[in-house]
Amino acid sequence: MSDDHPRAAYARLPRDEAEAVAMQTELAGCVVEADDDSPIETIAGLDIAYDKDSDSAVATAVVMRRSDLAEIDRSVVHGASDFPYVPGLLAFRELPLLLQAIEALAVTPDLYVCDGYGLTHPRRFGLACHLGVVLDAPAIGVAKNPPHLPVEAPGPKRGAWTPITASGETVGCALRTQDGVKPVYVSVGHRSTLATARGLVLELAPKYRLPEPIRAADQLGRRRLAATE
DNA sequence: GCGACAG
DNA sequence: ATCTTGTCGC
């Protein structure tokens with residue numbers, strides 16, 4: 001990313017939905033769909049848990065060592081979302097709190113795994129892309145639900161996958177991480193290729209449907225939210 | 001043709 | 001996202 005685009009500006013909240021869409025359309029050009037040279041040894045899983053009857057939320061980040069998936073760092077940030085959930089604009093709702101959780105970490109992870117889409121997005125700029133571009137760091141997206149695009153179901157075995165295409169371009173893939181379990185939807189966020197992202201997600205999900213860093217962040221957020229009530 | 005799209 | 005525990009099955 002060049003210096004004429006301050007990262008802080010990318011993280012600011014838009015005044016309305018029209019401006020949000022304009023921001024995404026412009027920033028989509030910043031996404032780098034290629035792997036870094038440096039190896040990925042630490043991975044951060046990110047998530048936000050929302051209180052059922054208030055506007056409070058808890059953003060969590062859990063960093064794991066790639067070699068044995070042991071947790072090496074974690075952070076929890078309590079706050080509230082200023083932006084409503086609007087399909088296609090999830091990043092504006094979650095990014096501010098997620099960035100705070102990341103700042104609270106003691107270590108800088110080599111890769112961020114987001115709960116949601118990366119390039120699998122109407123304007124090819126989902127949460128994982130936005131986060132990756134703002135931090136100028138490798139990021140990928142893992143969603144639990146499929147986009148409204150034609151996707152063939154991958155085979156029943158762990159590791160099976162099918163591409164997700166939009167307008168003739170590959171924007172992600174459906175990946176079966178466990179035998180006979182619903183697939184997850186993987187896409188590039190920033191500074192990664194889909195093949196790398198797919199391989200990593202499979203590697204990070206040796207026992208459950210979701211990658212371990214995401215599972216850990218998810219559980220941590222739920223527990224902290226319940227403990228706060 | 002329009003609308004449907006993560007959390 | 002959230003409401004929700006145990007239970008049936010491999």
Side-chain angles (χ1 to χ4, degrees), chain A residues 13 17 20-21 24-25 27-28 31 45-61 77-101 112-133 139-152 156-158 163-167 169-175 177-190 194 197 201 207-211 213-215 217-229:
Chain A
L13 286 179
E17 295 186 15
V21 170
Q24 293 182 326
T25 302
L27 296 180
V31 174
L46 309 170
D47 190 39
I48 292 185
Y50 297 91
D51 185 58
K52 65 182 177 71
D53 41 31
S54 83
D55 63 342
S56 62
V58 175
T60 52
V77 170
H78 292 256
S81 297
D82 304 302
F83 205 90
Y85 170 70
V86 178
L89 304 181
L90 177 66
F92 297 106
R93 175 173 173 72
E94 306 210 324
L95 202 52
L97 228 43
L98 290 180
L99 291 176
Q100 284 184 43
Y112 293 94
V113 181
C114 298
D115 226 324
Y117 298 151
L119 292 176
T120 307
H121 179 274
R123 290 166 291 284
R124 302 197 59 169
F125 200 69
L127 172 62
C129 295
H130 207 142
L131 184 113
V133 167
I140 64 176
V142 179
K144 297 180 287 295
N145 294 299
H148 286 185
L149 291 170
V151 188
E152 283 184 35
K157 306 294 289 182
R158 164 181 158 82
I164 297 175
T165 59
S167 305
E169 294 184 64
T170 299
V171 296
C173 70
L175 171 65
T177 54
Q178 295 299 320
D179 292 356
V181 171
K182 287 194 305 180
V184 293
Y185 303 87
V186 181
S187 56
V188 168
H190 189 48
L194 181 57
V201 170
K207 188 169 177 53
Y208 298 96
R209 180 191 180 217
L210 296 176
I214 288 290
R215 288 188 68 236
D218 189 80
Q219 293 176 5
L220 177 59
R222 287 189 142 77
R223 288 196 300 267
R224 294 301 289 265
L225 199 54
T228 301
E229 291 172 347

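Labels below follow one simple rule: chain letters A, B, ... track the order of the sequence lines, proteins then strands, and each chain is numbered from 1. Given the structure is predicted, the values throughout are model-derived calculations rather than measurements.
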**Q** Would you mind telling me which of dA6(B), dA1(C), dC3(C) lies closest to the side-chain atoms of Pro87(A)?
**A**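 Nearest to the side chain of Pro87(A) among the choices is dA6(B).
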**Q** Is it true that His190(A) and Tyr112(A) have ring centroids separated by less than 6.0 Å?
**A**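 For His190(A) and Tyr112(A), the ring centres are not under 6.0 Å apart.
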**Q** Do Val31(A) and Val133(A) touch side chain to side chain, with heavy atoms closer than 4.5 Å?
**A**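 Touching, per the 4.5 Å side-chain cut-off.
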**Q** Using a heavy-atom cut-off of 4.0 Å across all strands, would you classify Tyr85(A) as base, sugar-phosphate, or nothing?
**A**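 The answer is base, as Tyr85(A) lies within the cut-off (heavy atoms under 4.0 Å) of a base atom.
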**Q** In whole angstroms, how far is the C1' atom of dG7(B) from the NE2 atom of His121(A)?
**A**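 Those two atoms, NE2 and C1', are 12 Å apart.
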**Q** Whole angstroms only, please: what is the OH-C1' distance between Tyr50(A) and dT2(C)?
**A**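 Atom-to-atom, Tyr50(A) to dT2(C), this comes out as 12 Å.
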**Q** Indicate whether Tyr117(A) forms a stack on dA6(B); treat it as stacked only if centroid distance is below 5.5 angstrom and interplanar angle below 30 degrees.
**A**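 It does: the ring sits over the base of dA6(B).
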**Q** Is there a side-chain contact between Asn145(A) and the phosphate of dC5(B), meaning an N or O under 4.0 Å from OP1 or OP2?
**A**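 For Asn145(A), the contact criterion (side-chain N or O under 4.0 Å from OP1 or OP2 of dC5(B)) is not met.
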**Q** Where the side chain of Tyr117(A) meets the backbone of Cys129(A), is there a donor-acceptor pair that is under 3.5 Å apart?
**A**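 Absent.
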**Q** Tell me what Arg123(A) touches on the nucleic acid: a base, only sugar-phosphate, or nothing, going by heavy atoms under 4.0 Å.
**A**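 Arg123(A): no heavy atom of the nucleic acid under 4.0 Å.
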**Q** Quick one: Leu127(A) CG to dA1(C) P, roughly how many Å, whole number?
**A**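 It is 13 Å, rounded to the nearest whole Å.
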**Q** According to the 5.5 Å centroid and 30° plane-angle thresholds, does Tyr185(A) stack upon the nucleobase of dA6(B)?
**A**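 Ring-base stacking flag not set for Tyr185(A) and dA6(B).
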**Q** Between dG7(B) atom C1' and Leu98(A) atom CG, what is the distance in whole Å?
**A**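 Those two atoms, CG and C1', are 10 Å apart.
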**Q** How are the rings of Phe92(A) and His130(A) set relative to one another: parallel (under 30°), tilted (30 to 60°) or perpendicular (over 60°)?
**A**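 Ring orientation of Phe92(A) relative to His130(A): perpendicular.
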**Q** Taking only side-chain nitrogens and oxygens of Arg222(A), does any of them come within less than 4.0 Å of OP1 or OP2 of dT2(C)?
**A**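 It does, given that an N or O in the side chain of Arg222(A) lies less than 4.0 Å from OP1 or OP2 of dT2(C).
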**Q** Name the nucleic acid region contacted by Leu89(A), choosing base, sugar-phosphate or nothing; use a 4.0 angstrom heavy-atom cut-off, strictly under.
**A**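 Base, at least one base atom sits under 4.0 Å.
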**Q** Atom CG of Leu149(A) to atom P of dC5(B): distance rounded to whole Å?
**A**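 Computing the Leu149(A):CG to dC5(B):P distance gives 12 Å.
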**Q** Could you check whether Ala49(A) gets within reach of a base, just the sugar-phosphate, or nothing at all, counting any heavy atom under 4.0 Å?
**A**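 Touches sugar-phosphate only.
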**Q** Please state how far atom CG in Asp218(A) lies from atom P in dA6(B), giving the value in whole angstrom units.
**A**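 My rounded result for the distance is 17 Å.
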**Q** Between Gln24(A) (side chain) and Gly88(A) (backbone), is there a donor-acceptor pair under 3.5 Å?
**A**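 Present.
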**Q** For Lys144(A) and dG7(B), is the shortest distance between a side-chain N/O and OP1 or OP2 below 4.0 Å?
**A**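 For Lys144(A), the contact criterion (side-chain N or O under 4.0 Å from OP1 or OP2 of dG7(B)) is met.
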**Q** Can you identify which nucleotide, out of dG7(B), dT2(C), dA4(B), has its nearest atom closest to the Leu225(A) side chain?
**A**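 Among dG7(B), dT2(C), dA4(B), the one nearest the side chain of Leu225(A) is dT2(C).
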**Q** Between atom NE2 in His148(A) and atom P in dG7(B), what is the gap in whole Å?
**A**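 Checked: the NE2 to P distance equals 11 Å.
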